[in-house]
Structures are given as C-alpha cells and as structure tokens.
*Asks:* 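My structure is below; once you've seen it, I'll send some questions.
Naming convention: chains lettered A, B, ... in sequence-line order (proteins, then strands); numbering from 1 in each chain.
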Protein chains: 2
Amino acid sequence: MTVIEGDSGKISEFTVRRLSGYYRILADLERNGVHTISSSKLADMGNITSAQVRKDLSYFGTFGTRGLGYGVSDLKKAIQNILGLTRDWSMALFGAGYLGHALFFHRGFREDGFVFRHIFDSDLEKVGTVWGELAIEQEKNAAEALRASPVDIGVIATPAAAAQEIVDLAVASDVRGILNFAPTEVSVPDGVWLRVVNLAVAFESLSFYLSQ
Amino acid sequence: MTVIEGDSGKISEFTVRRLSGYYRILADLERNGVHTISSSKLADMGNITSAQVRKDLSYFGTFGTRGLGYGVSDLKKAIQNILGLTRDWSMALFGAGYLGHALFFHRGFREDGFVFRHIFDSDLEKVGTVWGELAIEQEKNAAEALRASPVDIGVIATPAAAAQEIVDLAVASDVRGILNFAPTEVSVPDGVWLRVVNLAVAFESLSFYLSQ
DNA sequence: TAGATTGTTAATCGATTAACAATC
DNA sequence: TAGATTGTTAATCGATTAACAATC
C-alpha cells in the first residue's frame, strides 16, 4: 500500500479512495438540496460503516457537529480541498486510440479541474486530427511540445509495448504524476506519483467470482 | 473486502487481482520464450514480495518445484483455470457512449474470452448503428432481447443517473455479474457479483498525492 | 434536559512478510 | 552433495470496527 506522510501521519490509499467516494455522494446530496448528513447515512450510501467515515475524516480535522452531523456543502468543500480539487491540473494524453478518446471526451474530468493540454500519437495518420479544440501532435515531438507547454500529469493510453518508453518521456518532461491505463506494469522514479487503472483486472476478477 | 468461500477457505480480492497480474506477466514471459520463473523474479516484475506470490498460489494448490521455480506455461494455464478464463463469457454493453465504445473495441477482452453479444442505448439516433458486426439495440427492448439471447455479464457504461435502473434491468434478465463503469454507487441482490471501475477515483487520488 | 451523533481510543480482524524445514 | 527455491507456519503490520466519553 502506497502511503504519504502528512501533517496527521500516514494516509492510506484506501482512505483517499473513500474520500473520493464521499466527495461524489456529497455533490449529489448538494444537488438534491440536502443540507446535513450523518456519518451513518453517508456510510449507507457508500456501503461502508459510520466508524470508517468518521475515522477517514479524523485524519484531516474535525468537520462535524456532535448531535447534528455534517453540513453537506461544508464537508464537500473540505474534501475538495483535501483532494486538491480546488486547482486545475494540466494533462497530456499519450495514445489517441479508443480508450484515449473516451478519456479525452469524458465529461466530469474537466469539471473536476483535469484539463488535457496535449494529445500525442505515434500514428502519423492521426496527427493533425482535431479533438474538441486540440490537434493531435506527433509523439516524437512530445519532448519539445512539453518543454514549450508543460503539464502536471501524463495519461498513458498507449499499447502495452510502448507504455514504459512513453512514461520515461513524460517523466523526463517533468510531469509529477502518471495515470497508466496501458495493460502493463510501468515504473517511475522517486518523486513521481503513479496511479494504475487496469481494465483487464476488473474483467478477470469478475470471471473468478463467477466461476466459483 | 469482498471474499468468496472456496475449497481452500476464503480468497480475498487482493489475491484475485494479483493473480490477474501474474497471468499477464506469465503471458508476456511465454511470448518471450522464457520457460521457468522463480517467485522472486515474478515478484520483482509485479512490484511485490516473493512470499506474497507463493502465498497467493498456495490457496489453490502447489504449482512449483522446490529448487527450480515454476514452469511458465504450466503456471499460466493453472492461473487461467483459477480465474475462469478457459471459457467464454457473454456480455451486454449498456451505453454506447465514448467509454462504451472504448470497451467494445478494446483488444484483449475478446482474446480473454469476454465477448459482447448486445449493445443497448437509449438514444434512438444511435440505434441501428453497427459496431464491428453488432447493431446497437434500443435500450427499452433490452429485456426482450436478453430473453431471446441471454448473457453472463452486464457492462454498465451509461450516465450515472441511469445506472441503477439499468443494473436492475440486467439483473432481472438473469446476468450473473455486473461491471459498473458509471460514476455512481449501484447495488445488486445477493447472488449477483459486482465489480466497479471508477475513473474519477483514479484521477482524484492522484490529485491528492500531487497536492501533498 | 434528553436524544443524537461526533471524534477518538482500544480491540479486532485480516493481509503481508519473515523465516525455515522440505526437497528438487 | 550443495545451492536454490518452494510451500507453509508463525510473527508482524496495518486497516477496520466497536465502544463510549464529549458535546451539540
């Protein structure tokens, strides 16, 4: 388990993922005009326990009122702040295939502050094609393009074989984080954060349980 | 943590996800002509410990030879069997948007035995459009279509607002598993397996660590 | 005030790792 | 045989949950 050292000790990735869940639920509640919520109601909506909710929040401060619960908008803002969603993150997409296309056009990322600034692909046929308002650039010019206009995050949606090379390129271009959607293990140096989304794992894990 | 009761006790989802990782690594090794591998080499390739590899495998039997390690092809076949990848799984895709498109055309799923048999969408503009060799069907005819031609797994790639309703429809049509890609919590009755892939969680968790 | 609910501590549960006898 | 490596047990580590005093 990857952990980070913060003011309040070590925060596990389990906690961070649940915070992301609370954030979405709170946004839904706010949209529906709900003003306060208890840890047990929040827990029910996220299929966990109320103790877990309170414990997760306790790593970052005190956000509730005993006897009353949490203010929906206040807690949502607090979590938004904890997750670093009060600022924009600029991103470069590597790989303009089906998955890259889905990520690029996925609503919600942009609203959350995740903004694509570059799209790179090695296929010259694709170079120049415009997605939204962004033209696909030549992958081999990526280092130069990223020097002129750097990004925080590299999103890897290339085939497995190309992934490590592209990660290295992104790292050399000073990205601080990598989101890897390619179905292969990649490594990054210390100081660069890595998140992995492996679709095959989800399918295969379901297959396992269905087979039992 | 979801667990299942098996012959050898309870298998945690952590173990299943790692098995999926071993499987991919072994497939790569086999493709590269490697014949044997030790638990520690396999561990290095997956960024875990050799004890973890041996422990995971021990839940299902003994697959190695002391002093020598594991036969790559044999272990790959054994894991393929454990994960239920020796048979085909038929699937219905709900939601023919960007993400559905990416999932449908993703190479590798089909090779793994995951085959889409239906595509449903509520947008009448899309109905009739052919993807690969499959025409998009009207979502409101899904129950009927699935009665005529049932599937094992429902893949949910609809907007959040529609997800629970579609899950209920899929469950009523006797799917045994749900893969939820919609950014919302959904619930399924006992006896139906649920896996969740939430892309926003990956982005937001990266944002958290980058903010520290 | 009485009821509700937080924040936090201590207990429990389960996952990971270390260690080593078995054995190729 | 000696070296290597498995399979498994016991120890450790860390995450979750229960419990409850604090307090609105």
*Asks:* What pattern of brackets, bars and dots sums up DNA chain D from 5' to 3', given Watson-Crick or G-U wobble pairs under 3.5 Å, [ ] for crossing pairs and | for another strand?
*Replies:* ..||||||||||||||||||||||
*Asks:* Taking CG from A:Asp56 and P from D:dG14, how many angstroms apart are they, rounded to a whole number?
*Replies:*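 So the CG-P distance, A:Asp56 to D:dG14, works out to 17 Å.
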*Asks:* Within the 4.5 Å heavy-atom criterion, are A:Leu57 and A:Ile79 side-chain neighbours or not?
*Replies:*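 The answer is yes, as the side chains (C-beta and beyond) meet within the 4.5 Å cut-off.
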*Asks:* Is there a side-chain polar atom (N or O) of B:Arg18 under 4.0 Å from OP1 or OP2 of C:dT16?
*Replies:* yes
*Asks:* If I take atom NZ in residue B:Lys10 and atom P in nucleotide C:dT16, what distance separates them, rounded to the nearest angstrom?
*Replies:*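 For the pair B:Lys10 NZ and C:dT16 P, the rounded distance is 16 Å.
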*Asks:* Centres of the B:His118 and B:Phe116 rings: under 6.0 Å?
*Replies:*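 Distance test on ring centres: not under 6.0 Å, no.
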*Asks:* Taking the six-membered ring for Trp and the single ring otherwise, decide whether the centroids of A:Phe120 and A:Phe94 are under 6.0 Å apart.
*Replies:*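 Aromatic pair counts; centres sit under 6.0 Å.
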*Asks:* For A:Gln212 and A:Phe208, indicate whether the former's side chain and the latter's backbone hold a donor-acceptor pair under 3.5 Å.
*Replies:*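 Yes, because the side chain of A:Gln212 sits within donor-acceptor range (under 3.5 Å) of the backbone of A:Phe208.
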*Asks:* Would you say the side chains of A:Ser73 and A:Glu30 form a donor-acceptor pair under 3.5 Å?
*Replies:*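 Side chains of A:Ser73 and A:Glu30: pair found under 3.5 Å.
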*Asks:* Please report the distance, rounded to the nearest Å, between CG in A:Leu68 and C1' in D:dA22.
*Replies:* 14 Å
*Asks:* At less than 4.0 Å, is any side-chain N or O atom of A:Tyr70 found next to OP1 or OP2 of C:dG7? Yes or no.
*Replies:*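 True: A:Tyr70 side-chain N/O within range (under 4.0 Å) of C:dG7 OP1/OP2.
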*Asks:* Figure out the CG/C1' separation between A:Leu75 and C:dG7, and round it to whole Å.
*Replies:*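 The distance from CG of A:Leu75 to C1' of C:dG7 comes to 14 Å, rounded to the nearest Å.
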*Asks:* Walk me through whether A:Arg54 and A:Ser39 qualify under side-chain hydrogen bond (donor to acceptor under 3.5 Å, both in side chains).
*Replies:* CA-CA 7 Å; A:Arg54 297 195 300 277; A:Ser39 58; 3.0 Å; yes
*Asks:* Would you sort out whether B:Arg31 and B:Asp28 count as a salt bridge (Lys or Arg N to Asp or Glu O under 4.0 Å), showing the intermediate values?
*Replies:* CA-CA 5 Å; B:Arg31 219 173 289 121; B:Asp28 287 351; 3.0 Å; yes
*Asks:* Please figure out whether B:Gln52 or A:Leu57 has its closest DNA chain C nucleotide nearer the 5' end.
*Replies:* A:Leu57
*Asks:* Side-chain contact test, heavy atoms from C-beta onward, threshold under 4.5 Å: evaluate it for A:Val197 versus A:Asn180 and give yes or no.
*Replies:*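 Side chain of A:Val197 against side chain of A:Asn180, heavy atoms only: no contact under 4.5 Å found.
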*Asks:* Write down the distance between CG (A:Leu42) and P (C:dT5), rounded to a whole number of angstrom.
*Replies:* 13 Å
*Asks:* Would you kindly check whether a donor in the side chain of A:Arg66 faces an acceptor in the base of C:dT5, or vice versa, at under 3.5 angstrom?
*Replies:*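 Side chain to base: no pair below 3.5 Å.
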*Asks:* Could you tell me how far apart B:Arg54 (CZ) and C:dT17 (P) are, to the nearest whole angstrom?
*Replies:* 12 Å
*Asks:* May I have the distance from B:Tyr59 (atom OH) to D:dT9 (atom P), rounded to whole angstrom?
*Replies:*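 These atoms are roughly 12 Å apart.
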*Asks:* If each of A:Gly67 and A:Ala51 is mapped to the nucleotide of DNA chain D with the nearest heavy atom, which maps nearer the 5' terminus, i.e. the 5' end?
*Replies:* A:Ala51
*Asks:* May I ask you to check if B:Arg195 and B:Trp193 form a cation-pi contact, with NZ or CZ under 6.0 angstrom from the six-membered ring centre and within 45° of the axis?
*Replies:*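 Verdict for B:Trp193: no cation-pi partner in B:Arg195.
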*Asks:* How many Å lie between NZ on B:Lys55 and C1' on D:dG7, as a whole number?
*Replies:*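 Distance, rounded to whole Å: 10 Å.
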*Asks:* Starting the side chain at C-beta, find the nucleotide from C:dT16, C:dT8, D:dT16 nearest to B:Phe14.
*Replies:*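 Ranking C:dT16, C:dT8, D:dT16 by closest atom to the B:Phe14 side chain puts C:dT16 first.
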*Asks:* Is A:Ser39 touching bases, backbone alone, or none of the nucleic acid, heavy atoms closer than 4.0 Å?
*Replies:* sugar-phosphate
*Asks:* I'd like a table of atom pairs between the protein and nucleotides 11-13 of chain C - only N or O on both sides, under 3.5 Å - with the distance next to each one.
*Replies:*
none

*Asks:* Check this one for me: any side-chain N or O of B:Thr65 less than 4.0 Å away from OP1 or OP2 of D:dT6?
*Replies:* no
*Asks:* When you measure from the side-chain N and O atoms of B:Thr49 to the phosphate of C:dT17, is any distance below 4.0 Å, counting only OP1 and OP2?
*Replies:*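 It does, given that an N or O in the side chain of B:Thr49 lies less than 4.0 Å from OP1 or OP2 of C:dT17.
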*Asks:* Taking the six-membered ring for Trp and the single ring otherwise, decide whether the centroids of B:Phe104 and B:His101 are under 6.0 Å apart.
*Replies:*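 No, the ring centres sit 6.0 Å or more apart.
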